[in-house]
Amino acid sequence: MQESTLTQIPNGHNPYQRIKDLWKKHGELIAALTGGGLTLVAYLLGLMNVSYNWVLYPAAYLIGGYFKTRQGISDTIRTRQLNVELLMITAAIGAACINHWLEGAILIFIFALSGALETYSTAKSTNALSALMNLQPEVARLVANGNETMVSVTKIQPSDIVLIKPGERIPADGVIINGETTVNEATMTGESVPVYKKSGEKLMAGTMNLDGSVYARVTQRNSDSLFSKILELVQSAQKEKAPTQLFIDRFEKTYVKIVLITTAFMLFAPHFLFGWSWSETIYRAMVLLVVASPCALVASTTPAVLSAVAYGARRGILIKGGIHLEQLAMIKVIAFDKTGTITKGTPEVTRFINMSDKDDLLFLNHIAAIENQSSHPLGKAIVAYAEKASNDMTLPPVESIKVQPGYGVAGRVDNVDYKIGKTEMMDPVAMQQFNDANQSFGSDASETLVYIASGEKVIGAFALKDQIRDSAVAAIKSLKSYGIKTVMITGDNERTAAAVQKESGVSSYIANCLPENKAIEIKRLNKNYGHVAMCGDGINDTPALAQASVGLAMGAGNDAALETADIILMKNDLTKIADAVHLSRKMSRIVKTNIFFAMAMIAFLIAVNFLQFLTMPFGVVGHEGSTILVILNGLRLLRG
């Protein structure tokens, strides 16, 4: 097959572009450090009694305060609200007006440095999510009529055939039709161990093909792939603010006005009320303007929330916004859908009885040949069981196939007639004889039974069961350790629901629940417990997911469920719910600690200033130092 190559046209060397890119990426930090350097030089020249050293201070003000001043003015014009940036610039100018140039320059330097650090922390958290964008391949090897052509991934259509070579990212969701390989799916599932893939298995866009060339049939357009949907969710998650963050944003606007009014009062009142000198009165007012600014309070939430969301994404927990993570920390109950959530959603054969005159492999071969003509999930499970029992099984031809919807299927193999299905499809007398001979066969209420009859006798049976997910028991146990009650919602009868409860360990269950009633049950749980989460995977779960305080969806679930849910478990691993709860509670603790620390520091500095113990330099260091500390504390969540 002809192989195409892409040739990249080298860009001309442009030193100005490199400088422009450097300034765009690091300009705020460069300006802050330059302002700090000018302040240090001016201070040292002053110690050496060098004339006109003060000229460097205005330069430090202009350079160091450029970004924050521009941000403060633009935000004020856009929102018509005063902000922290203008408050700090006003404080620095006020310090200069009373001939405290050094203190004002130090204030601008630390304020600009903490602003640059916050910008970096936000970018670091955001980039941990947005780095997914770089994992999307731009081109694909389209194979058509025996020719291979490089095309844009946007032009790939369902049913197209693409070739994926070792070291290339998979361009679109598809199914392998030829070849085998191992795939690193960490970008989608959070699981770092490569997964072996062979013909007939699914591939996900954005994952990495490691060591084999495979041909795959595209199943979805690039824009409809799960990877593309994740990118959309990432973008929305970056924009959505947590309730605490929204409160602080609203509080900041009022608080800034209060500080400015109080400062204006402080410019005159202490002189007349306490007999302070005018220089002392004005100095204390300027110190108040510095230490009362809510910089640390404003920075107490954003870095922590973005860091937590970024960490979750790396672990296969896609959180659509900080608001949902904050809500998860308050959850008292988590309700689970049964089929496809607590269970795998596909039945498997657990037991098999053969009472015919044929050996097990031949008997299974005949039954599988008939069930292979059916599309029923139970039939597929029986075929899979037979294939597993005999790896090289070749199915014989089948005659006289007749499907009885809702009951079973009949057919002839090697001149033997078989009926496969429910009890109602069997002769009552033959059924009674079989039950008498196998009294313990139907004892498990969670199993579905399929019987096989030939002639006038029931000669065999399969017991099938929708297996509990391996992660379900561990997840429910972990949630209980966090004090969270678990509830299973299912349309199954009481006996089946009780059997699944016993096996999975859920605290309680709601049986015989129709899909349209799931949202009603969630509403009732919300009323009783205050905060309830719902975990599901199907379109019938979407009303309940929307009704819950937090909706969680399995990554392999229905598109509607993925759109409705607030948090998506990319690997269908229920233990990730406990991880998300742990992350949410840790984030909540860090945010509360930051807020308490910021407010306590502001109150302490204001009190010490009013007692005339606090100088401007120490006020600057205490205030801006607390801002840097809360930012660094929030960034701890990048490590989980």
Side-chain angles (χ1 to χ4, degrees), residues 25-33 36 67-68 71 84-85 88 109-134 190 234-235 237-249 252 293-326 328-329 567 579-602 621-640:
K25 187 175 182 180
H26 304 292
E28 190 171 357
L29 180 61
I30 292 171
L33 294 176
F67 280 92
K68 285 298 181 183
Q71 179 184 341
V84 174
E85 285 74 22
M88 298 311 299
F109 166 63
I110 301 180
F111 183 56
L113 185 63
S114 66
L117 180 61
E118 184 172 6
T119 299
Y120 274 121
S121 71
T122 302
K124 185 176 180 63
S125 304
T126 303
N127 288 342
L129 295 173
S130 299
L132 289 170
M133 295 287 288
N134 299 326
V234 166
Q235 292 168 355
Q238 293 169 349
K239 296 175 183 177
E240 192 166 0
K241 294 184 177 181
T244 303
Q245 190 176 348
L246 291 171
F247 170 77
I248 289 175
D249 288 346
E252 175 194 347
S293 175
C295 299
L297 189 62
V298 172
S300 62
T301 306
T302 304
V305 170
L306 289 177
S307 296
V309 173
Y311 176 79
R314 294 201 309 271
R315 298 279 294 175
I317 307 167
L318 186 63
I319 304 158
K320 295 185 181 179
I323 180 173
H324 310 303
L325 201 56
E326 195 165 296
L328 189 62
I567 298 174
D579 293 343
V581 170
H582 172 76
L583 183 65
S584 68
R585 293 187 176 183
K586 185 174 182 180
M587 185 197 78
S588 181
R589 287 196 302 271
I590 286 178
V591 168
K592 288 176 182 177
T593 301
N594 283 348
I595 292 173
F596 176 80
F597 174 73
M599 295 184 70
M601 181 60 74
I602 290 172
V621 171
H623 179 266
E624 297 303 328
S626 64
T627 303
I628 292 174
L629 285 176
V630 298
I631 291 172
L632 293 176
N633 194 37
L635 285 178
R636 288 168 47 213
L637 285 167
L638 284 172
R639 301 196 307 270

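Quick note: numbers below take in every heavy atom, side chains included, and nothing from hydrogens, waters or symmetry partners.
- Summarising the geometry, atom CE belonging to Met587 is positioned 8.5 Å from atom CD1 belonging to Ile319; distances are rounded to the nearest 0.5 Å.
- Counting heavy atoms from C-beta on, the side chains of Leu583 and Ile317 never come closer than 4.5 Å.
- For Arg589, the side-chain contact (heavy atoms from CB on, under 4.5 Å) partners are Arg585, Lys586, not counting sequence neighbours.
- For Ala598, the side-chain contact (heavy atoms from CB on, under 4.5 Å) partners at least two apart in sequence or on another chain are Ala296, Leu297.
- Going from atom CG of Asn633 over to atom OG of Ser626 covers 12.0 Å, rounded to the nearest 0.5 Å.
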Notebook entry, point to check: Given Ile567 and Leu318, is the side chain to side chain contact (heavy atoms under 4.5 Å, CB included) satisfied, shown in steps?
Noted result: CA-CA 6 Å; Ile567 298 174; Leu318 186 63; over 6 Å; no
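- The ring-ring contact (aromatic ring centres under 6.0 Å, His included) test applied to Phe67 returns Trp23, not counting sequence neighbours.
- The nearest pair of heavy atoms linking Phe597 to Val630 is CD2-CG1, 3.8 Å.
- Counting only heavy atoms from C-beta outward, the side chains of Thr301 and Asn594 never approach each other to under 4.5 Å.
- Listed here is the closest heavy atom pair of Ser307 and Leu635: OG-CD2, 3.6 Å.
- Panel note: side chain Ser588, backbone Ser584; no donor-acceptor pair is recorded below 3.5 Å.
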Next item on the list: Apply the test side chain to side chain contact (heavy atoms under 4.5 Å, CB included) to residues Leu325 and Val305: give CA-CA distance (whole Å), side-chain angles for both, the deciding distance (0.1 Å), then the verdict.
Entry: CA-CA 8 Å; Leu325 201 56; Val305 170; 6.0 Å; no
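- Here the closest heavy-atom approach between residue Ile595 and residue Ser300 is recorded as CG1-OG, 3.4 Å.
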